Every structure is written in C-alpha cells, then in structure tokens.
S.K.: 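Once you've had a glance at the structure underneath, I'll fire off some questions.
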Amino acid sequence: MAFTGKYEIESEKNFDEFMKRLALPSDAIDKARNLKIVSEVKQDGQNFTWSLQYPGGHSITNKFTIGKECDIETIGGKKFKATVQMEGGKMVVSSPHYHHTAEIVDGKLVEISTVEGVSYERVSKRLA
C-alpha cells in the first residue's frame with residue numbers, strides 16, 4: 001500500500017502563520033516549531049490509521065475509511081467530521097473551514113493543510 005510507513009518531518013513551509021490561524025498561543029507555536037514529529041500510516045485497502053507522534057509521548061490518531069464520514073482531529077486539537085476521498089493517488093480531506101491533502105512524491109509524504117486561506121506544507125522522509 002502506497003501510504004503505509006513511518007515518516008519524519010524533513011521540512012515545513014508557513015508553519016507560524018498557519019498555527020496562528022489555528023488560534024494556537026505564541027508560546028505553543030514556539031515550542032512546536034522544528035519538532036521532529038513522526039507520522040505512522042497503516043493502510044489496509046480503503047481503511048487507514050494515521051498517527052502523529054510528538055517528542056515526549058503525545059500523539060494524535062485518526063482512523064478512517066476512504067469515502068465514509070469520520071471524526072478527524074487536527075494538529076491544533078480541533079475535531080470535526082469529514083469524508084476522506086482519494087483523488088488520483090492523493091488523499092483529500094475537505095470541510096467548510098479545513099482542507100488537507102496528502103500524497104507520496106518520490107518516496108516522501110507531502111501534506112498541505114489550508115485553513116481560511118493560509119496553507120502549511122510539511123514534507124516527511126520515510127523512516128520505515
């Protein structure tokens with residue numbers, strides 16, 4: 001399965017502005033900047049378990065099935081209902097206030113999140 005694996009953040013674009021848009025306090029943004037977050041993706045056909053593991057033990061896990069509505073928790077801790085779609089090998093989550101894409105490009109996990117017109121890009125290298 002294309003997405004299955006462990007990935008560690010290699011680069012980010014527009015982190016501060018995006019986190020401000022999520023209404024995170026400045027001290028939390030400062031602490032989170034340049035953290036080596038590990039994403040672990042387990043894919044079983046159309047079913048996914050997607051976990052973000054932060055240094056110090058905190059983690060967020062979302063479970064979903066492509067094409068079915070599910071509960072999603074964002075990196076800002078907000079929860080919402082959405083349906084994850086697959087569009088040409090790219091995973092897409094869209095709601096009225098949040099848009100997220102994830103795809104594998106040259107063996108790397110490339111994610112772009114957009115909230116209220118502000119986008120954040122995270123590129124993660126495959127660890128396993």
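On a predicted model such as this, the values are computed, not experimentally measured, just so you know.
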S.K.: Might you work through the side chain to side chain contact (heavy atoms under 4.5 Å, CB included) test for Ser119 and Phe18, ending with a clear yes or no?
M.R.: CA-CA 6 Å; Ser119 293; Phe18 183 78; over 6 Å; no

S.K.: Measuring from Arg33:CZ to Glu12:CD, what's the distance to the nearest 0.5 Å?
M.R.: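 With rounding to 0.5 Å, CZ (Arg33) is 9.5 Å from CD (Glu12).
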
S.K.: If you compare all heavy atoms of Ala2 against all heavy atoms of Tyr7, which two are closest, and at what distance to 0.1 Å?
M.R.: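 Closest pair (atom of Ala2, atom of Tyr7, distance): O-OH, 4.0 Å.
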
S.K.: Thr83 and Lys68: which non-hydrogen atoms are nearest, and at how many Å?
M.R.: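 It is CG2-N, 3.7 Å.
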
S.K.: Could you check whether any side-chain heavy atom of Thr49 comes within less than 4.5 Å of a side-chain heavy atom of Val41, counting everything from C-beta outward?
M.R.: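 No, their side chains stay 4.5 Å or more apart.
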
S.K.: Can you get from Ile104 to Met86 by hopping between Ile, Leu, Val, Met, Phe, Trp and Tyr side chains that sit under 4.5 Å apart?
M.R.: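 Shared cluster, yes.
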
S.K.: Give me the atom names and distance for the closest heavy-atom approach of Ser94 to Ala82.
M.R.: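 Nearest heavy atoms, Ser94 then Ala82: O-CB, 4.1 Å.
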
S.K.: Working note: His100 + Ile112, criterion side chain to side chain contact (heavy atoms under 4.5 Å, CB included); need CA distance, chi angles, decisive distance, verdict.
M.R.: CA-CA 6 Å; His100 180 86; Ile112 299 174; over 6 Å; no

S.K.: With rounding to the nearest 0.5 Å, note down the distance linking CG in Leu109 to CD in Glu10.
M.R.: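 The CG atom of Leu109 sits 11.0 Å away from the CD atom of Glu10.
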
S.K.: Return the minimal non-hydrogen interatomic distance between Ser113 and Tyr98, and the atom names on each side.
M.R.: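 The answer is OG-OH, 3.4 Å.
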
S.K.: Linking I/L/V/M/F/W/Y whenever their side-chain heavy atoms sit closer than 4.5 Å, directly or via other members, would Ile60 and Leu24 fall into one cluster?
M.R.: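 Yes; Leu24 is reachable from Ile60 via cluster members.
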
S.K.: If you measure from the Lys or Arg side-chain nitrogens to the Asp or Glu carboxylate oxygens, is any gap between Lys81 and Asp71 under 4.0 Å?
M.R.: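 Salt bridge present between Lys81 and Asp71.
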
S.K.: If you measure from CE on Met19 to CG on Asp30, what distance do you get to the nearest 0.5 Å?
M.R.: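 Interatomic distance, Met19 CE to Asp30 CG, rounded to 0.5 Å: 12.5 Å.
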
S.K.: If Ile, Leu, Val, Met, Phe, Trp and Tyr residues are connected whenever their side-chain heavy atoms lie under 4.5 Å apart, and connections chain through other members, are Val92 and Tyr120 in the same group?
M.R.: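 No, it is not one cluster - the side chains of Val92 and Tyr120 are not joined through contacts under 4.5 Å.
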
S.K.: Under a single-linkage definition using a 4.5 Å side-chain heavy-atom cutoff for Ile, Leu, Val, Met, Phe, Trp and Tyr, are Val110 and Leu127 assigned to the same hydrophobic cluster?
M.R.: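 The answer is no; the residues belong to distinct hydrophobic clusters.
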
S.K.: With His58, which residues qualify under ring-ring contact (aromatic ring centres under 6.0 Å, His included), at least two apart?
M.R.: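 Scan of His58 (ring-ring contact (aromatic ring centres under 6.0 Å, His included), adjacent residues dropped) gives Tyr54.
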
S.K.: Do you know which two heavy atoms are closest between Lys125 and Lys108, and how far apart they sit?
M.R.: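 Looking at all heavy atoms of both residues, the shortest contact is CA-CG, 4.4 Å.
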
S.K.: To the nearest 0.5 Å, how far apart are CG in Asn14 and CD in Glu121?
M.R.: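 Reported value, rounded in 0.5 Å steps: 10.0 Å.
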
S.K.: Output yes when Glu111 and Arg122 qualify as a salt bridge under the 4.0 Å nitrogen-oxygen rule, no when they do not.
M.R.: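 A salt bridge is present here (some side-chain N lies under 4.0 Å from a carboxylate O).
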
S.K.: Would you compute the distance between atom OG1 of Thr114 and atom NE2 of His97 and round it to the nearest 0.5 angstrom?
M.R.: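 Here the rounded value is 14.5 Å.
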
S.K.: Let me see the working for Cys70 and Asn62 under side chain to side chain contact (heavy atoms under 4.5 Å, CB included), right down to the final yes or no.
M.R.: CA-CA 9 Å; Cys70 63; Asn62 289 303; over 6 Å; no

S.K.: Relative to each other, are the rings of Phe64 and Phe48 parallel, tilted or perpendicular (30° and 60° limits)?
M.R.: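 Phe64 and Phe48: parallel rings.
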
S.K.: Hydrophobic clustering (ILVMFWY, side-chain heavy atoms < 4.5 Å, transitive) - are Phe80 and Met91 grouped together?
M.R.: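 Yes; Phe80 is reachable from Met91 via cluster members.
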
S.K.: Should the ring pair Phe3 and Trp50 be called parallel, tilted or perpendicular, given that the plane angle runs from 0 to 90° and is split at 30 and 60?
M.R.: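 Tilted: the ring planes of Phe3 and Trp50 meet at 30° to 60°.
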
S.K.: Could you check Leu22 against Val115 for side chain to side chain contact (heavy atoms under 4.5 Å, CB included), going step by step and ending with a plain yes or no?
M.R.: CA-CA 8 Å; Leu22 292 177; Val115 171; 3.9 Å; yes

S.K.: Do you know the tightest heavy-atom contact between Arg21 and Glu116?
M.R.: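 Heavy-atom minimum between the residues: NH1-O, 2.9 Å.
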
S.K.: In Å and rounded to the nearest 0.5 Å, what is the CG to CD1 distance from Leu52 to Ile37?
M.R.: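 Going from the CG atom of Leu52 to the CD1 atom of Ile37 covers 6.5 Å.
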
